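Below: the structure, in structure tokens.
All figures in this text were calculated on a predicted structure; none of them were measured in a lab. Heads up: numbering here begins at 1 and tracks the sequence. For the numbers below, each heavy atom of this structure counts, side chains included, while hydrogens, waters and symmetry mates do not.
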Amino acid sequence: MPAYVMVEVEVSEPNGYEEYKKMAPRSIHAHGGRYLVRGGPIEMLEGEWPLQRVVILEFPDAAAARAWWCSSEYRPARDLRHRTARTRMVLVEGIASPPIA
């Protein structure tokens, strides 16, 4: 079952965060992940959600997402992200197949 990592990002050091954006993809792909959303315009449809940047990653399953997050390949990028941005990150499991309407 697919799993998704959703990240809310508030960048505090843009130059350092640009370096993070170069470092992270290789580790994500190494664990079977891919970007579904990587920044881009945000349009509020309901409620309050003062976000600067949203990232959504898809992995084959939750185990692969956890393996990526704690991997030695990702650690240097993660440390850089911690220094250059404030983030909130969640892991959520998807559904096996979309429901039929």
Side-chain angles (χ1 to χ4, degrees):
M1 174 169 1
Y4 302 91
V5 174
M6 299 183 306
V7 189
E8 170 190 344
V9 183
E10 182 180 328
V11 177
S12 58
E13 295 179 30
N15 292 336
Y17 192 78
E18 286 300 316
E19 187 62 30
Y20 166 79
K21 286 169 39 180
K22 295 175 189 173
M23 294 171 67
R26 184 168 297 177
S27 66
I28 292 165
H29 295 294
H31 290 272
R34 68 185 181 117
Y35 287 96
L36 296 179
V37 175
R38 191 175 188 193
I42 297 172
E43 178 182 347
M44 288 301 306
L45 298 178
E46 291 186 25
E48 295 180 30
W49 201 1
L51 302 178
Q52 289 184 357
R53 182 176 179 81
V54 174
V55 176
I56 301 175
L57 306 171
E58 179 182 51
F59 288 89
D61 54 39
R66 285 187 204 97
W68 160 74
W69 185 78
C70 66
S71 71
S72 60
E73 298 98 341
Y74 182 57
R75 185 170 298 116
R78 186 180 65 207
D79 291 347
L80 178 59
R81 179 176 49 81
H82 287 166
R83 291 191 306 271
T84 61
R86 191 176 131 246
T87 58
R88 289 192 283 184
M89 184 180 295
V90 297
L91 171 62
V92 60
E93 290 190 25
I95 55 177
S97 62
I100 298 174

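A donor-acceptor pair is defined here as one N or O able to donate and one able to accept, closer than 3.5 Å; such a pair exists between the side chain of Q52 and the backbone of V11. Remark: side-chain polar atoms of S12 are paired, donor with acceptor, to backbone N or O of T84 under 3.5 angstrom.
Counting only residues at least two apart or on different chains, the salt bridge (Lys or Arg N to Asp or Glu O under 4.0 Å) pairs with a member in residues 34-63 are R34-E58. Each ring pair (Phe, Tyr, Trp, His ring centres under 6.0 Å) pair with one or both residues in residues 70-97, not counting sequence neighbours, appears once here: W68-Y74.
For the atom pair E93 CD and M1 CE, the distance stands at 5.5 Å (nearest 0.5 Å). The CE atom of M6 lies 13.5 Å from the OG1 atom of T87; values are rounded to the nearest 0.5 Å. Distance check, rounded to the nearest 0.5 Å: CD of E8 to CD1 of I42 gives 8.5 Å. Note: E73 CD to H29 NE2 = 13.5 Å, rounded to the nearest 0.5 Å.
The minimum heavy-atom distance linking S72 with P76 is given by the pair O-CD, 3.3 Å. The two residues A62 and A3 have their closest heavy-atom pair at N-CB, 3.4 Å. Heavy atoms only, all atoms of each residue included: A85 and Y17 are closest at CB-CD1, 3.9 Å. Minimum interatomic distance between M44 and G47 (heavy atoms only, all atoms of both residues): CE-O, 3.2 Å.
V9 and L36 sit in two unconnected hydrophobic clusters of ILVMFWY residues. Membership requires side-chain heavy atoms under 4.5 Å apart, directly or through other members. M89 and V55 fall within the same hydrophobic cluster, where Ile, Leu, Val, Met, Phe, Trp and Tyr residues are linked whenever their side-chain heavy atoms come under 4.5 Å apart, directly or through other members. Hydrophobic clustering of Ile, Leu, Val, Met, Phe, Trp and Tyr side chains at less than 4.5 Å, counting indirect connections, unites V37 with Y4. L91 and Y35 fall within the same hydrophobic cluster, where Ile, Leu, Val, Met, Phe, Trp and Tyr residues are linked whenever their side-chain heavy atoms come under 4.5 Å apart, directly or through other members.
Two residues are said to be in side-chain contact when any heavy atoms from C-beta on lie closer than 4.5 Å; R78 and W69 meet this criterion.
Partners of R86 by salt bridge (charged side-chain N to carboxylate O under 4.0 Å, His left out), not counting sequence neighbours, listed by chain and number: E10.
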Next item on the list: Start with the C-alpha gap between I28 and F59, add the side-chain angles, then the distance that decides, and say whether side chain to side chain contact (heavy atoms under 4.5 Å, CB included) holds.
Entry: CA-CA 9 Å; I28 292 165; F59 288 89; 4.2 Å; yes
